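Presented below is the structure to which this report refers.
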Amino acid sequence: MDFQTTVAFYLEGERQGPGSTEYTKQAISLAQLPQGQTLQVADIGCGTGASTMVLAQEINATVTAVDIFPAFLKVLDEKAKQLGLEDRVKTLSGSMESLPFRKESLDVIWAEGAIYNMGFERGVTQWRPMLKLGGVLAVSEITWLTSKRPQEIQRYWDNQYQEIATAHDKISILSKAGYQLLGYFVLPSSCWMQNYYGPMEKRFDSFLKAHGHSQEAMQLVEENKEEMRMYQMHHQYYGYGFYIARKS
Ligand code: SAH
């Protein structure tokens, strides 16, 4: 898949993955962050910054928003300016697999719908040294919600992301990696349908037109339609679990 086409497609969305302001705030409240000092927060795989803006507004912090695609960061910078948050939001273009943060320099590592790009276990393990002791990790991650599920959805996810697992398994990975769970909840389906797939669906036609119905553009639309169809049919079996944990 050609990156430019993919980035152009996701760039238009308010957010690049399921989520909402309300649930970012809920995760912040579960993080029990210290008051008083200015915290150092990194929002990893930030996209165009849906969660970054909430973090910068809700926490007394400097937020470094990290993404591999500079085009997303450009939009993010503009959003921060419009909201008068440019002094508290910095952007950094680079890979989540080689973050430049110093050892024990971060109070909070945030990642909504992004850690799957390097895998949950690798992410929580490799990022941990950059957190201060007592610092908080907050990530949303695809999670099985039941112990059994139809073969169709099992196969779909086996192909998409083999690390999908139950919350029990995710929480034990966190605890083995040296974190203590502070909170967990599942994003409701409105975070997927109203906030993510709904607006995306409206962009399909204009996107295909703008890209002259290229093979890449058609493939991207088909893949997203399939992903949405799976979610509509099988959302009782999986969702985004939001894990809030403290470095212990
Ligand atoms: N957190 C945002 C975006 C989620 S989509 C939101 O909730 O809206 C996942 C994001 O991870 C995309 O913006 C993508 O560009 C970014 N990404 C993918 N691979 C990455 C990598 N290796 N390093 C950093 N960012 C990456």
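Just so it is clear, the model here is predicted, and its values are computed rather than measured. Side chains are part of it too, since the values below use all heavy atoms of this structure and drop only hydrogens, waters and symmetry mates. One-based numbering, in listed order, for ligands and for the atoms of each.
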Asp67 side-chain N/O to Leu73 backbone N/O, donor-acceptor pair under 3.5 Å: no
Just to confirm my output: which protein heavy-atom neighbour is closest to atom 3 (C) of ligand 1, and how far is it? Gly45 O, 3.3 Å
Answer yes or no: is there a donor N or O on one side and an acceptor on the other, between the side chain of Asn159 and the main chain of Tyr156, under 3.5 Å? no
Six-ring centre of Tyr238, Arg149 cation under 6.0 angstrom, axis tolerance 45°: no
So is Asp67 polar-close to ligand 1, meaning N/O to N/O under 3.5 Å? yes
Centres of the Phe69 and Phe3 rings: under 6.0 Å? yes
Looking only at protein heavy atoms, which one is nearest to atom 23 (N) of ligand 1, and what is the separation? Met96 N, 2.8 Å
Atoms of ligand 1 under 4.0 Å from any heavy atom of Arg15, numbered from 1 in the order shown, are 8 (O)
Mind listing the side-chain donor-acceptor pairs of residues 191-200 below 3.5 Å, one per line with the distance, residues two or more places apart or on another chain?
residue: Asn195; atom: ND2; partner: Gly19; partner atom: O; Å: 2.7
residue: Tyr196; atom: OH; partner: Gln16; partner atom: O; Å: 3.4
residue: Tyr197; atom: OH; partner: Glu227; partner atom: OE2; Å: 2.5

Phe120 ring centre to Lys170 NZ or CZ under 6.0 Å, with the angle to the axis within 45°? yes
Quick one: look up the protein heavy atom nearest atom 22 (N) of ligand 1 and list residue, atom name and how far away it is. Ser95 OG, 3.4 Å
Logged contact type for Cys46 with ligand 1, heavy-atom cut-off 4.0 Å, is backbone
Quick test: of every protein heavy atom, which one is nearest to atom 19 (N) of ligand 1, and how far off is it to 0.1 Å? Asn117 CG, 3.4 Å
Show me which atoms of ligand 1 lie under 4.0 Å from any heavy atom of Gly94. 23 (N), 24 (C)
Gln26: side-chain contact (heavy atoms from CB on, under 4.5 Å) partners, not counting sequence neighbours: Tyr23, Leu30, Phe185
Protein heavy atom at shortest distance from atom 9 (C) of ligand 1: Gly113 O, 3.5 Å
Considering distance alone, does some N or O of Glu97 sit under 3.5 Å from an N or O of ligand 1? no
Is the backbone N or O of Glu86 less than 3.5 Å from a side-chain atom of Lys81, with the two atoms forming a donor-acceptor pair by type? no
Go through the steps to decide whether Lys225 and Glu201 satisfy the test salt bridge (charged side-chain N to carboxylate O under 4.0 Å, His left out), and finish with yes or no. CA-CA 8 Å; Lys225 278 188 181 167; Glu201 210 177 8; over 6 Å; no
Ligand 1 contact by Gly19, heavy-atom criterion under 4.0 angstrom: no
Is the closest side-chain donor-acceptor distance between His211 and Glu216 under 3.5 Å? no
Using a 4.0 Å cut-off to any heavy atom of Phe72, which atoms of ligand 1 qualify? 13 (O), 15 (O)
Is the backbone of Ala165 close enough, under 3.5 Å, to the side chain of Asp169 for a donor and an acceptor to pair up by distance? no
Atom 8 (O) of ligand 1 [closest protein heavy-atom partner, distance rounded to 0.1 Å]: Gln16 N, 2.9 Å
Close-contact set for ligand 1 against Glu112 heavy atoms, below 4.0 Å: 1 (N), 2 (C), 4 (C), 7 (O)
Sub-3.5 Å N/O-N/O distance, Ser51 and ligand 1: no
Can you report which non-hydrogen protein atom sits closest to atom 25 (N) of ligand 1, along with the distance? Ile68 N, 3.3 Å
Those atoms of ligand 1 less than 4.0 Å from some heavy atom in Phe69: 15 (O)
Is the shortest distance from a heavy atom of Gly13 to ligand 1 less than 4.0 Å? no
